[in-house]
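Shown next, in structure tokens, is the structure this report addresses.
Numbers restart at 1 for each chain; the letters A, B, ... are given by sequence-line order, proteins then strands. All values below were derived from every heavy atom in this structure, side-chain atoms included, with hydrogens, water molecules and symmetry-related copies excluded.
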Amino acid sequence: MPELPEVETVVRQLRQPCVGQRIADVTLRWPRHIATLSPRQFKSRIRDQKIQSLHRRGKYLVFSLTNDFLLIHLKMSGDLQVLPKATPRGKHAHTIFHFANDQELRFSDTRKFGRVYLVADPEEVTGPLGPEPLARNFTAGKLFNILTARHRPLKPLLLDQTVIAGVGNIYADESLNRARLHPQKRSDSLTRAEARTLWRSLRHTLNLAIRHNGSSIDTLYRGGEHQNYFRAYDREGEPCYNCGAPIQRIVLGGRSTHFCSDCQTL
DNA sequence: TAAAATGTTGGGTA
DNA sequence: ATACCCAACATTTT
């Protein structure tokens with residue numbers, strides 16, 4: 001369930017049932033989920049810590065605990081749900097946090113790419129991340145500076161988490177279509193006006209997707225409905241909403257890329 | 001069957 | 001230092 005709007009949706013759904021809960025124990029059915037510490041150390045160190053708050057940084061969920069920070073990255077297929085302990089567990093619920101009440105937090109992850117971190121300082125994990133695109137201080141001018149500081153095609157640049165945090169394959173394509181910018185256009189070729197257009201498109205796209213509770217695709221259906229509003233992603237051959245020309249699909253940096261070759265200009 | 005799927009990272013090469 | 005490509009991670013679905 002990964003990109004910024006989906007992670008934000010999960011955070012909002014988990015906050016109420018998680019904050020204030022004490023973690024009584026953890027079950028590790030796929031120990032490689034744990035990215036820091038040995039499974040044994042992880043279990044003993046997290047036990048009896050309380051969840052004090054929960055927020056999102058890029059695509060990471062950041063749980064503030066009594067003494068440490070618990071970070072979870074869902075990668076391609078991860079999902080988190082708080083459910084009564086009596087609810088039957090799915091086949092892919094690999095890591096389970098048992099609360100002191102009658103509920104538990106389940107990290108389900110079909111492809112097992114997801115990772116769990118327990119650290120004293122969240123910066124140990126999120127340190128390399130670029131700015132939050134929805135932050136108040138992320139201005140069009142800041143984006144212009146970021147773009148012109150490198151010489152890279154826009155699409156791979158938007159996917160680079162150290163440049164901007166949280167944008168993934170869907171929302172990169174969506175933002176570029178809305179901004180009418182070609183995914184291979186060089187980042188340092190944008191005018192200030194074009195950078196401002198991309199800034200507005202990116203923020204609009206992400207905010208709209210959050211309003212729709214994210215996108216539900218590829219077997220992960222959790223109530224999100226933004227997949228019904230895609231303008232480019234997964235719309236190969238269908239008409240561009242800007243100009244009517246068919247959406248093209250190419251592969252860039254190993255990732256499928258959808259765009260309109262008529263109105264998204266280089 | 002081969003290919004692709006909301007992601008990241010490490011290695012090798014320009 | 002910067003940019004770029006590919007394989008790897010593991011599983012399911014089309």
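Taking atom P in both C:dA7 and B:dA4, the straight-line distance is 13 Å, to the nearest Å. Taking atom P on both nucleotides, C:dA1 is separated from B:dT8 by 24 Å, rounded to a whole Å. Comparing the C1' positions of C:dC4 and B:dA5 gives a spacing of 23 Å, expressed to the nearest Å.
In this structure, A:Arg235 forms a cation-pi arrangement with A:Tyr241, its terminal cationic atom sitting closer than 6.0 Å to the ring centre and no more than 45° off the ring axis.
In this structure, A:Arg249 atom CZ and B:dA3 atom P are separated by 12 Å, rounded to whole Å. Rounding to whole angstrom units, CD of residue A:Glu236 and P of B:dA4 are separated by 11 Å.
Note on A:Thr110: every side-chain N or O is 4.0 Å or more away from OP1 and OP2 of C:dA10. Residue A:Lys112 places no side-chain N or O under 4.0 Å from the OP1 or OP2 atom of C:dC9. Between A:Lys91 and the phosphate of C:dT11, there is no side-chain N or O to OP1/OP2 separation shorter than 4.0 Å. At the phosphate of C:dT12, OP1 or OP2 sits under 4.0 Å from a side-chain N or O atom of A:His92. In this structure, A:Lys75 does not reach the C:dA10 phosphate: none of its side-chain N or O atoms is under 4.0 Å from OP1 or OP2. The side chain of A:His151 places no N or O atom within less than 4.0 Å of a non-bridging phosphate oxygen (OP1 or OP2) of C:dT2. Taking 4.0 angstrom as the limit, A:Arg32 places a side-chain polar atom (N or O) nearer than this to OP1 or OP2 of C:dA10.
A:Glu6 has no carboxylate O lying under 4.0 Å from a charged side-chain N of A:Lys59, or vice versa, which leaves the two without a salt bridge. Salt bridge A:Lys75/A:Asp109: absent, no basic N to carboxylate O contact under 4.0 Å. Remark: A:Arg47 engages A:Asp25 in a salt bridge, criterion side-chain N to carboxylate O under 4.0 Å. A salt bridge does not link A:Arg231 with A:Asp173: none of the charged nitrogens is closer than 4.0 Å to a carboxylate oxygen.
Comparing A:His73 and A:Val251 by the nucleotide of DNA chain B that holds the closest heavy atom to each, the one mapping nearer the 5' end is A:Val251. Mapping A:Phe113 and A:Ala149 onto DNA chain C by nearest heavy atom places A:Ala149 at the nucleotide closer to the 5' end.
A:Arg152 comes within 4.0 angstrom of sugar-phosphate atoms only, judged by non-hydrogen atoms across all strands, and of no base. Residue A:Gly254 is out of contact with every strand shown, counting any heavy-atom pair closer than 4.0 Å.
Aromatic ring pairs are classed by plane angle as parallel below 30°, tilted from 30° to 60° and perpendicular above 60°; the pair A:His92 and A:His94 is perpendicular.
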Both atom distances under 3.5 Å, Watson-Crick or G-U wobble: I'd like the secondary structure of DNA chain B as a dot-bracket string, with | for pairs made across strands. .||||.||||||||

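Closest to the side chain of A:Arg111, from the set C:dA3, C:dT12, C:dA10, is C:dA10. Here C:dC4 is the nucleotide among C:dC4, B:dT9, C:dA3 with the atom lying nearest to any side-chain atom of A:Pro153.
For A:His33 and A:Phe107, the ring centers sit closer than 6.0 Å to each other.
In the region residues 177-188 of chain A, proximity to DNA chain C at under 4.0 angstrom, judged on heavy atoms, holds for A:Arg186.
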